[in-house]
Protein chains: 2
Amino acid sequence: MRTNVTMQDIANKLGVSSVTVSKALSDKEGVSDNLKIKIKKLATEMGYRYNSAAKSIKDGLSYNIGVMIPQRFTGPNESFYLKVYQQIALHLDSYGYYGILNILSNEDEQLLNFPRIYSENKVDGIIILGQVSKQYIETVQNMDLPKLFLDFYDEHAAIDSIVTDNFYGAYEITNYLIRSGHREIAYVGNIYSTSSIQDRFLGYYKSLLEHGLTLDHQLLLNDRDENGKYIDIELPEDMPTAFVCNCDQIAFELCDRLNSKGFKVPEDCSVVGFDNDIYATLSTPQLTTVEVDIDQMARTAVKSIMEKVSNPNRQTGRILVQGKIIFRDSVRKLNDESATTND
Amino acid sequence: MRTNVTMQDIANKLGVSSVTVSKALSDKEGVSDNLKIKIKKLATEMGYRYNSAAKSIKDGLSYNIGVMIPQRFTGPNESFYLKVYQQIALHLDSYGYYGILNILSNEDEQLLNFPRIYSENKVDGIIILGQVSKQYIETVQNMDLPKLFLDFYDEHAAIDSIVTDNFYGAYEITNYLIRSGHREIAYVGNIYSTSSIQDRFLGYYKSLLEHGLTLDHQLLLNDRDENGKYIDIELPEDMPTAFVCNCDQIAFELCDRLNSKGFKVPEDCSVVGFDNDIYATLSTPQLTTVEVDIDQMARTAVKSIMEKVSNPNRQTGRILVQGKIIFRDSVRKLNDESATTND
DNA sequence: CTGAAAGCGCTTACAG
DNA sequence: CTGAAAGCGCTTACAG
């Protein structure tokens, strides 16, 4: 049933050599226009399809990029990394490449196993999408392939990385709260949990410092345990006027909790999030938040990995992708100063 | 920098032939245990990696399956198909296969272009995930490869398909409402929009028929225009006691709308959804709904396409994957009969 | 303009 | 148990 037409088949029918067919189909020099047209026509008629495996073996390239996502970030309600993967696949397409998704199982991460895409030479480069354990980072370093960390980084590993500018995003949105007249501002998030959450905290802290506000440890609210499992947020006794949440989902939960305790958002407390994901528009009120630019992250990641494929010594370092504040209805202005002015 | 060790390199170092190395590494007959151990050890030391392109060219198989999702189903807040793709990739792994994601652009769908994964022979089979146009279905039929429709089907195309049992799921959940004492029950959804929505409507209708209830066209509420764009749901003058929604997102919107109009769910009206996606738990109250078994769909799709790869004549027909009702808080019991009894 | 030869990395079938 | 030869489908470098 499968036709499986080869260049040789076309050559035979036309009484020419497969070299000529190859040249004609790839528009190379050295075939008369007349013959070229005949060859192309016959190829279409015979349903010829290019065999990319043959090209791969010649070039030593698979024309695939592996995208590895740790299993733990793939729960039923998590789709952020899948979205990023989708954009990566889209951008790879414009380079003539394909994206192969590889979920890194907890077991393989624990046992420090190489992924099959690596040991079978299925890819020309690997994008690791989502923080892996310190030990697995070493395993990644031992892989003899271009590789890139996406959405996290590691100080010890000399592996290029692309991350959202978490620090600056949190800094900006905290500045916005302060410009809006807020002075008691809480941060919600476990600052020992991931580098993203920690960096967002530091951006918040920098904003406080710059405005001469002191960091009140009573206003650092935990939202998850060491394993990343969400816990109930304990509201402080002396309530702040605003909350900077490490992500929209937590901001969403916080709004719920505040509402149920009788606090109105934003009348009694303002709440801001981070990510601009689905939770930002589903919460009541809709959240003012920092949008993570998924498309730009994917675009940058693809550009960077493709450069490394053609030049394995290429170093791109740590690239920060800017987010931008999306203004919605969860912040109350406590003063008269225009709140939408930039710093 | 890339080592790129081949079997020949190993053979040279050991003064044997590459045939022997090949046999040793793939645990074939015909190599002494002693030599086999030496070869394996050296292979590890040299960082040897199998070249799957060479295998592909020998076998005429790419060991990839393409998963094609029409662009229109990949909006920023849509992740259902990406979840399905993720599960497909996971299940393919256990067959030694990989999943290549291919977003079918609106343009390519319009122009009836073959996807690159097909014309470059990158895959051994294609799963089309999400309804494509009638014309594109013909294009798919012309592809000389095992193929499968996932989450939709077409009466004219003799292409095997796997769908959620939309009909039966809607039938069951409507039965449940009727058992709970409801008699005026609306259906929310554009019944000309997709086969899924239409089939869910028919399941709802069958339940009415079986219980001697008449279909009231005032209670068929539209939720989207011909292009699939959501429109505001118009509530009927004579309110029903329950609403069967074609999906959770619409049920979520409906709850919002009912709440804002002063109707309480489920006290004044009951609402049920379909899908059991993120909207089911984010709505107030949480929704009773039909869960679509994503994992089972992916598992079945992978099994089916793998069978077709090894035997292109294999026909699997239209396979229905059962969902199950998830009971939550959006249905009020209007009678005393136990509402959780099965029919 | 056209094509014979060699080679990419591996495996299969066969010979020793 | 071990290996020389041929071949998978294509391309490159070279010769005519």
Side-chain angles (χ1 to χ4, degrees), chain A residues 2-40 42-43 46-64 96 116 118-124 144-145, chain B residues 2-40 42-43 46-64 96 118-124 144:
Chain A
R2 287 279 288 281
T3 41
N4 208 231
V5 181
T6 69
M7 288 188 179
Q8 191 61 60
D9 296 335
I10 300 174
N12 289 155
K13 282 228 178 183
L14 249 32
V16 299
S17 81
S18 66
V19 175
T20 301
V21 174
S22 169
K23 284 174 184 162
L25 292 182
S26 53
D27 284 314
K28 293 252 165 68
E29 298 276 279
V31 193
S32 65
D33 284 355
N34 198 12
L35 183 50
K36 190 193 275 190
I37 290 169
K38 267 219 296 242
I39 290 175
K40 287 195 171 180
L42 185 58
M46 295 177 71
Y48 172 76
R49 288 185 284 145
Y50 188 84
N51 186 323
S52 59
K55 187 178 171 62
S56 284
I57 206 171
K58 287 280 305 178
D59 301 352
L61 289 171
S62 64
Y63 299 101
N64 298 142
R116 208 158 54 84
Y118 176 71
S119 41
E120 291 179 2
N121 250 311
K122 260 288 190 179
V123 297
D124 302 335
D144 181 28
L145 261 193
Chain B
R2 289 280 287 281
T3 40
N4 207 231
V5 182
T6 69
M7 288 188 179
Q8 191 61 58
D9 296 335
I10 299 173
N12 290 152
K13 281 226 177 185
L14 249 34
V16 298
S17 82
S18 66
V19 176
T20 301
V21 174
S22 170
K23 286 174 183 163
L25 292 182
S26 53
D27 284 314
K28 294 250 165 68
E29 299 276 277
V31 193
S32 67
D33 285 355
N34 197 14
L35 183 52
K36 189 192 274 189
I37 291 170
K38 267 219 295 242
I39 290 174
K40 287 194 170 182
L42 185 58
M46 294 175 72
Y48 172 76
R49 288 185 286 145
Y50 188 84
N51 186 324
S52 59
K55 186 178 172 61
S56 284
I57 207 171
K58 287 282 302 178
D59 301 352
L61 289 171
S62 65
Y63 299 101
N64 298 141
Y118 176 71
S119 42
E120 291 180 3
N121 249 312
K122 259 289 190 178
V123 297
D124 302 334
D144 180 28

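Side chains included, hydrogens not; waters and symmetry mates left out as well; all remaining heavy atoms used. We name chains A, B, ... by the order of the sequence lines, and we start the count at 1 in each one.
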A correct dot-bracket answer for DNA chain D, with pairs being Watson-Crick or G-U at under 3.5 Å, [ ] for crossing pairs and | for inter-strand pairs, is |||.||||||||.|||
By nearest atom, which of the nucleotides [options] is closest to the [X] side chain?
| X | options | answer |
| --- | --- | --- |
| A:Y48 | C:dA4, D:dC10, D:dT2 | D:dC10 |
| B:K28 | D:dG9, C:dT2, C:dT12 | C:dT12 |
| A:S18 | D:dT11, C:dG9, C:dT11 | D:dT11 |
| A:V31 | C:dT2, D:dT2, D:dC10 | C:dT2 |

Q. Phosphate oxygens OP1/OP2 of C:dG9: is one of them under 4.0 Å from a side-chain N or O of B:N4?
A.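 Indeed, a polar side-chain atom of B:N4 lies that close.
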**Item:** Any A:T20 side-chain nitrogen or oxygen under 4.0 Å from OP1 or OP2 of C:dG3
**Value:**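 Checking C:dG3 against A:T20, a side-chain N or O does come within under 4.0 Å of OP1 or OP2.
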- Query: For DNA chain C, whose closest nucleotide is more 5', that of A:G15 or that of B:I57?
  - Reply: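 Comparing both residues, the 5'-ward one is A:G15.
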In terms of heavy-atom contacts, B:L14 and B:I39 come closest through CD2-CG1, 3.6 Å
**Study point:** Rounded interatomic separation in angstrom, taking CD1 from A:I10 and C1' from D:dT11
**Key:**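 Atom-to-atom, A:I10 to D:dT11, this comes out as 15 Å.
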task = Can you check whether any acceptor in the base of D:dG3 is under 3.5 Å from a donor in the side chain of B:K23, or vice versa?
result = yes
request  = For A:K55, report the nucleic acid contact type (base, sugar-phosphate, nothing); a contact means any heavy atom under 4.0 Å.
outcome  =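 Here A:K55 touches no strand at all.
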